[in-house]
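Chain naming here is simple, since letters A, B, ... match the order of the sequence lines and numbering starts at 1 in each. If you're wondering where the values come from, they're calculated on a predicted model, not measured in any experiment.
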Amino acid sequence: MKKAGKFYVTTPIYYVNDVPHLGHVYTTVAADVLARYHRLEGREVFFLTGTDEHGQKADQAAARLSVPVEEHVEAHSAVFKNLWKDMGISNDDFIRTTDKRHKKVVRQALQTLYDKGEIYSDVYEGWYCVPDERFWTEKDLKGCGSGSSFGDGYGFGEANGAGFGDGSGLGYKEICCPDCGRPVQRIKEKNYFFKMGKYRDWLIDHIKNHDGFILPVSRRNEVLGFLEKKLEDLCISRPKTRMSWGIELPFDSGYVTYVWFDALLNYVSAPGLYAQDSRFDKWWPADLHLIGKDILTTHSVYWITMLKALELPIPKRIFAHGWWTIDGKKMSKSLGNVVNPSKIAEAVGLDQFRYFLMREVPFGLDGNFSINSLINRINVDLANNLGNLISRTLTMIKKYRGSVVPRKITGGTNVENIKTAAMNACERYSSHMGNAALSKALDEMIMLCDELNRFIVKSRPWTLAGKKGEEEKLDDILYGSAETLRVIGRMMVPFMPNSAQSLFKQLGLRAGYDGGTLEWGCVEGGHEIAPEGALFPRIDEKKADEVKDSITRPRGREPEKKSLEQKISIDDFKKVKIVTATIISAQPVPKSKKLLKLQVDIGYEKRQVVAGIAERCSPEELMGRRVLVVTNLKPVKIMGVESNGMLLAASDKGKLILAGTSEDAEPGLRIT
RNA sequence: GGCGGUGUAGCUCAGUUGGUUAGAGCAUGCGACUCAUAUUCGCAGUGUCCGGGGUUCGAAUCCCUGCACCGCCA
């Protein structure tokens, strides 16, 4: 039975500077699963994701690359868009905080709050780290020197504390930034503040009066704990003198909007706040904000009070899921254990990967990712259980009934058990999906597979085949098995859309079949099946090695096993002298396939350098190229030719990539 | 430092308001089947329920205390 209604689900908008990782994919796949589920249930769905593009980090990164910041964020936004294609994400919209439609809403929202007296300006004093461009509170500065680690959370990015210290008690001696260790300054600055604090009591009541508003319950309690103390007002501006990459305040052109204030509004700007009233009213409030646990406070406190002040309806639910570790360790760039989701999907199959993410860990708790657990999960659940089950059922229909699914037998008594089991499973499945208990929903699907396996073993159809008087019984069993598989397929659809389609096709259901409903007997039978071979191939040991290899090794590069471990000091690095150079001649080394003899101009002299690049580029291509050369290597003879230096270059799948400078440089400049 | 949480089989965890022999999946061992992707089914285990004390006829469960780990806040 189709239920009417709408479902508006969001992911956080991801910060453009982040390299996409498992965490981003986890949130977005979960949102996708729910979006697909609700569509299937007949609801109108609006599934929103996007990118957060303002703020200091994006600005700095663009500056480092000497690229206009607009271009930089455009390119990085596209990285996420492409990733979502790879992950089979069915989002209905993709919002960018640099979109006109968004900026307009942010400015109007700010103006509205300003006009209502919800925003005021004030001068605050605080400890400021100039190189890091951030304020610190007194407390932050206490243990001065120890490197406090700021998670590179995959929420909205900029980790700027909103609070400003009110400076008292600390003297001026030796006060330095807890992050970078450099001295901080005491500075005074005018800023704008949103009167968040006055909504504290209201917010506490709202949370207490709305069960399921913040899930899991442990997170709800965390927020309530946070609210027990005084709630400060929120600084929502940044002076352009410090950082100008943002949305200008409508009431003061000397400031841009604090990134969080800007970013959170994406949830209302996308459905058309202040622009398309009927559309906005249709979708808002959101039914579900899906977030990682790291951005719980911003969503349940900042965002909710912002909406309250704007007199907009409050979202129905915020669900904070857990984090993934990799082989038991926190994901981090410095550990080099950030796995590339696209590569995993490529190696084991997209649906298999999605299945693993949704099944392995109870939704809301932390989980651990390891290749072994990934492979084990795929083999046990998908290959041995579900895949094999499909295979054995289809084979029996092929062998015993000439590939035609028997017609439904009304009142057939042989299938009562499996029918009841299937319907009970459906009921629990739906209930879990409604609560976003995604792993439990998949548990139900797998337990139904177990049930069907047992049903087949108990009814022993192979002993009935060809026996007179047993035809109807065998028909009943085969129909029941096929119909149970159809129900299982229907459960698969939101999680593994492609595999579900393939299953339906193999079951002989029409192309584009949506799975029917979670009720018994949707399919009448009498049609022909179309087996296609294993839906979920087992990953045997040999294949497992290949998978591990392809996931572990950076794409297109040789393994760099030790380089991750062996750190060198800056002094070690300083021993290497690298200078800019121009290639003035290049010719093959006789009797060598790989070597080229180069003459390079390093400014103060000419050098002969032998490089092993002949297979990847021709001498002509190199003429006149600006390159980087190591000049203080001990000279060596290679195949009888002296080499007095080394050309810096990388190789990408046999293609030569020369190290150079972002712009043409005079020869002889030292790289430091 | 404040608040909260967790500690159960080799591993990951479930254990509802205290109630009989403490469960599931994975991994392990044995047996069976042959429709199936060396798949599936059945059986078998193993536990100081973190330590100590208490309440109770009875505690994994409630109370006190100690230890370990985690989260939020500072």
Using purine N1 to pyrimidine N3 plus N6-O4 or O6-N4 for Watson-Crick, or N1-O2 and O6-N3 for G-U wobble, each under 3.5 Å, what pairs with [N]?
| N | value |
| --- | --- |
| B:C3 | B:G71 |
| B:U28 | B:A44 |
| B:A60 | none |

Query raised in the report: Given that A:L386 and A:R377 both sit by RNA chain B, which one's nearest nucleotide is further toward the 5' end?
Result: A:R377
Report summary line: By nearest-nucleotide position on RNA chain B, the 5'-leaning member of A:P362 and A:S391 is A:P362
Of all the choices, [options], which nucleotide is nearest to the side chain of [X] once you look at every atom?
| X | options | value |
| --- | --- | --- |
| A:R219 | B:C33, B:U40, B:G71 | B:G71 |
| A:W462 | B:G71, B:A27, B:C33 | B:C33 |
| A:T395 | B:U37, B:A27, B:C35 | B:C35 |
| A:T297 | B:G71, B:C73, B:C35 | B:C73 |
| A:R392 | B:U39, B:U40, B:C33 | B:U40 |
| A:I456 | B:C35, B:C41, B:C72 | B:C35 |
| A:V380 | B:C41, B:G71, B:C26 | B:C26 |
| A:N384 | B:A36, B:U39, B:C35 | B:U39 |

Query raised in the report: If we take the P atom in both B:A22 and B:U16, what is their distance in whole Å?
Result: 16 Å
Report task. Using the C1' atoms only, state how far B:C41 lies from B:C35, rounded to an integer number of Å. Result ->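 Each nucleotide's C1' atom is 13 Å from the other's.
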Scan [X] against the nucleic acid and name what it touches under 4.0 Å (heavy atoms): base, sugar-phosphate only, or nothing.
| X | answer |
| --- | --- |
| A:N453 | sugar-phosphate |
| A:G225 | nothing |
| A:K458 | nothing |
| A:F536 | base |
| A:I390 | nothing |

Report task. Rounded to the nearest angstrom, tell me the gap between atom CG in A:N388 and atom P in B:U40. Result -> 6 Å
Requested in this report: For A:E222 and B:C3, give me the distance from atom CD to atom P, rounded to whole Å.
Outcome: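 Rounded to whole Å, this separation is 16 Å.
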Query - Nearest heavy atoms of A:S373 and A:E360, plus distance in Å - result: CB-OE2, 3.9 Å
Query raised in the report: Is the distance from OP1 or OP2 of B:A36 to the nearest side-chain N or O of A:K399 less than 4.0 Å?
Result: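 So the side-chain polar atoms of A:K399 do come within 4.0 Å of the phosphate oxygens OP1 or OP2 of B:A36, strictly under.
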Query raised in the report: Does a side-chain N or O from A:R538 land closer than 4.0 Å to OP1 or OP2 of B:U39, or not?
Result: yes
Going by atom types alone, do [X] and [Y] pair a side-chain donor with an acceptor below 3.5 Å?
| X | Y | answer |
| --- | --- | --- |
| A:T28 | A:Y14 | yes |
| A:D327 | A:N368 | no |
| A:K548 | A:N372 | yes |

Requested in this report: Flag the pair A:K543 and A:E546 as a salt bridge only when some basic side-chain nitrogen lies within less than 4.0 angstrom of an acidic carboxylate oxygen.
Outcome: no
Requested in this report: Determine whether A:L290 and A:T10 make a side-chain contact, defined as any pair of heavy atoms from C-beta on separated by less than 4.5 Å.
Outcome: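 No, every pair of side-chain atoms sits at 4.5 Å or beyond.
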